[in-house]
Amino acid sequence: MRVTVLASGSRGNAALFDDGATCLLVDAGIPLAALRQRIARSGARGPDAVIVTHANGDHHRYAGEVALHFRAPVWVSESSRRMLPLHGAPSVRVFGAREPFRVGTLDVAPLPLPHDAAQVSLRVTGSDGRAAAIATDLGEVPPALEAHLRGCSTVLIESNHDLERLWRGPYSYALKRRVASSQGHLSNEQTAALLRRLDRSVETVVLMHLSETNNLASLALERAAEALADHSARLLAASQDDPCSVASTPPRQLSLF
Ligand SMILES: [Zn+2]
C-alpha cells in the first residue's frame, strides 16, 4: 500500500491510498490543476474513486470537478451527503459512518469522529492485506480510535496546534475556543497521548493538518517523537504544499530455506 499526502492543512486536503490495483483519493480540497501537478510530482497516479470525509470546504471544495476529470465516483457519508452539492461528480455513492464498504480492491472502514461537521476516520486495507488509516479534524480522541488504528502499517493523524501558541495567537477568542473544543482539532499534546498507545505494527506515522498559525512542524514532531521514543515507527510531518509518499513494506514471505 502506498499513501501519498498531496496537501494537508486548512488551505486544502488530499491524500491517495493505492494498493497497485485501486487508487483512492481521500478528500479533494485543492484545485484540480494543483492536484494533477502534485500527483505527477510524486510519481503517483490518478484516482479511481474519491471519498469526502466531511462537509468542510478544505476537504470537499473541488470533489465534483476532480471526480469529473478522473471519471471517478464520489463516496460520502449519509450525513455529509445532505450538506454537499458535489456538482459535476459523475456519480455519488453513500456509505454509513459505521459500515465498512469496498472500493475496487480496497476495504474501507469508517469510524465517526467528534468535529463540528459529521466527520469520519477511514481505515483502508489493500489487496496485500496492508492497512493505512487517516484521522484528521477531530476535537478529541474517541475511545474506539485506538482499536480502529490497530494493525495499520501507516497512520495519518492530525496534530493541529500547540495549545500555548493557539491561546497566545491572533485568532479571535471564539475561534480559539472552537479549535480547542471537543468538536475542534487535536493539539500536539492530544496527539502525543494517542501515539503513546499505538501498537507495534505501525511503521510510519504522518502528522497531519498542522496549523500554519498555531503550530510549527518542529514542535509537532518533537512532541510526537517523545511519545514514540520506545517505538520504531518512522515519523513525518505532512505539508500544505509539498506532497509526501509512504510505501509500506510488503508482508513477509514464507521462506523455503
Ligand atoms: Zn480540515
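Read the numbers this way: they start at 1 and go in the same order the structure lists the ligands and their atoms. Along the sequence shown, the residues carry numbers beginning at 1.
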Between H59 atom NE2 and H209 atom NE2, the angle centred on the Zn ion (ligand 1) rounds (to 10°) to 100°

To the Zn ion (ligand 1), the closest N, O or S atom belonging to D137 is OD2

Restricting D58 to its N/O/S atoms, the closest one to the Zn ion (ligand 1) is OD2

Taken to the nearest 0.5 Å, the spacing of L166 CG from L175 CG works out to 8.0 Å

Q) Are more than 12 heavy atoms from other residues, nucleotides or ligands located less than 6.0 Å from atom CZ of R197? A) yes

Check: After noting the C-alpha distance and the side-chain angles of R38 and I30, does the key distance pass the side-chain contact (heavy atoms from CB on, under 4.5 Å) rule?
Finding: CA-CA 10 Å; R38 291 181 201 187; I30 56 170; 4.0 Å; yes

Indicate whether any N or O donor in one side chain lies under 3.5 Å from an N or O acceptor in the other, for S10 and D58.
no

